[in-house]
Amino acid sequence: MTTPERGRSLFRFASPQHFYPLAGTLAPWFAVIAVVLTVVGLWLGFFVAPTDATQGEVYRVIFIHVPAAWMSMFIYLVMAFWSAVGLVMNTRLSFVMSQALAPTGAIFCFVALWTGALWGKPTWGAYWVWDARLTSQLLLLFLYFGFIALTRAIEDPRRADRAGAIIALVGAVNVPIIYFSVNWWNTLHQGASVSLTKAPSMAATMLAGMLVMAIAAWMYTIAVVLWRVRPMILERERHTEWVGVVLEKALQAEAANKGGRA
């Protein structure tokens, strides 16, 4: 009997009013976890993992490049998921979550391309080649930019939500193209070192460092998105009574702090 009640209680967080305080509570915890895991992952990657026999020390860029590339693709799929939920169920929070994710996904996508260029110069002899994976990853960055620009350019929130959702859903087709491009086409980019269907082709310490950095990037994403979504919720719900109460409490706390300092 308690399971249905618990399920109903969880659904209340689909309401912006209930999700707003939850986001504020959880964000610092995820931020702390992200910092700790980043320190551990960088230590493993740059000080514990052995030197690669073929590439030497330059290979260590993978501890930043690979998690960033993974997250850029994963975040876009999550954006598409929230967009689909918003279109089907007409939930305001779903569209806000999708738009809150986009800047972080764009940052990871840029980092993946930038670190890939740094890796490509000593490996391929060029910072950039029109490789299938690189080109499709660049297209992903443009999709992020297009999503952000379109949702911010349209003044009507409902139209902006639906236009952004269409871009997110259509653009999601590019994600499997990025992932499988090294298998579908003859490219310079190396194949996946980590796969669910075969054993990893790297030392255990290398794999551990890369996975820790990937989880750190995931925790960072959750923390940043939770912080970013709070002001977006207040802006969307500014005409509601509960937002007025929140803003009034914030003003009272600010006045109390100023009075204390005086």
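- Side-chain contact between Phe95 and Val85: absent, with no pair of heavy atoms (C-beta onward) separated by less than 4.5 Å.
- With no hydrogens or angles considered, no side-chain donor-acceptor pair links Gln137 and Asn174 at under 3.5 Å.
- Listed by chain and residue number, Trp43, Leu44, Thr205 satisfy the side chain to side chain contact (heavy atoms under 4.5 Å, CB included) test with Val48 (two or more places apart in sequence, or in another chain).
- How far CD1 of Ile167 is from CE of Met79: 9.0 Å, rounded to the nearest 0.5 Å.
- A pairwise comparison of heavy atoms in Leu141 and Ala106 identifies CD1-O, 3.6 Å as the closest pair.
- Note that OG of Ser72 and CG of Leu77 are 9.5 Å apart. Values are rounded to the nearest 0.5 Å.
- Residue-environment remark: CH2 (Trp227) exceeds the threshold of 12 foreign heavy atoms within 6.0 Å.
- Residues Met232 and Gln99 form a side-chain contact, since some pair of their non-hydrogen atoms from C-beta on lies under 4.5 Å apart.
- Looking at every heavy atom in both residues, Ala80 comes nearest to Ala172 through CB-CB, 4.0 Å.
- A distance-only check finds no donor-acceptor pair linking the side chain of Tyr76 to the backbone of Ala102 [under 3.5 Å].
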(request) Go through Leu226 and Phe19 one step at a time and tell me if the side-chain contact (heavy atoms from CB on, under 4.5 Å) criterion holds. (result) CA-CA 9 Å; Leu226 289 177; Phe19 187 78; 3.7 Å; yes
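- Counting only heavy atoms from C-beta outward, the side chains of Leu138 and Trp130 approach each other to under 4.5 Å.
- Note that CG of Leu37 and CG of Leu42 are 10.5 Å apart. Values are rounded to the nearest 0.5 Å.
- Taking CG from Asp161 and CG from Leu87, the interatomic distance works out to 9.0 Å, rounded to the nearest 0.5 Å.
- In this structure, Thr25 and Trp29 approach most closely via the heavy-atom pair O-CD1, 3.2 Å.
- Ring geometry, Phe63 versus Phe46: the interplanar angle falls from 30° to 60°, so the pair is classed tilted.
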I'd like a table of donor-acceptor pairs (distance under 3.5 Å, sequence neighbours excluded) in which one partner is a side-chain atom from residues 210-225, with atom names and distances.
{"unit_1": "Thr221", "atom_1": "OG1", "unit_2": "Ala217", "atom_2": "O", "d": "2.8"}

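- Pro50 has its side chain within reach of Met206: a pair of non-hydrogen atoms, C-beta onward, lies under 4.5 Å apart.
- Placement of Val96 and Leu234 within a single hydrophobic cluster is found when ILVMFWY residues are connected by side-chain heavy-atom separations under 4.5 Å, directly or transitively.
- Atoms CE and SG, from Met71 and Cys109 in turn, are 12.5 Å apart once rounded to the nearest 0.5 Å.
- Panel note: side chain His65, backbone Thr115; no donor-acceptor pair is recorded below 3.5 Å.
- Note on Tyr20: it clusters hydrophobically with Leu26, by side-chain heavy-atom contacts below 4.5 Å among ILVMFWY residues.
- In plain terms, the two heavy atoms of Ala23 and Val229 that are nearest each other are CB-CG1, 4.3 Å.
- Taking CG of Leu113 as the reference point, atom CG of Leu118 lies at 11.0 Å (rounded to 0.5 Å).
- Under a hydrophobic clustering in which Ile, Leu, Val, Met, Phe, Trp and Tyr are joined whenever their side-chain heavy atoms come within less than 4.5 Å, directly or via other members, Leu143 and Phe81 fall into the same cluster.
- One hydrophobic cluster, built from ILVMFWY side chains closer than 4.5 Å, cannot hold both Leu169 and Leu93; they sit in different ones.
- Using a 4.5 Å heavy-atom threshold, the side chains of Arg236 and Pro16 count as separate.
- Counting only residues at least two apart or in different chains, side-chain hydrogen bond (donor to acceptor under 3.5 Å, both in side chains) contacts with residues 79-88 comprise Ser83-Ser98.
- Using modelled atom types, one side-chain atom of Arg60 and one backbone atom of Gly45 make a donor-acceptor pair closer than 3.5 Å.
- Using a cutoff of 4.0 Å between basic side-chain nitrogens and carboxylate oxygens, Arg162 and Asp156 are not scored as salt-bridged.
- Taken together through direct or relayed side-chain contacts under 4.5 Å among Ile, Leu, Val, Met, Phe, Trp and Tyr, Val170 and Val78 form parts of separate hydrophobic clusters.
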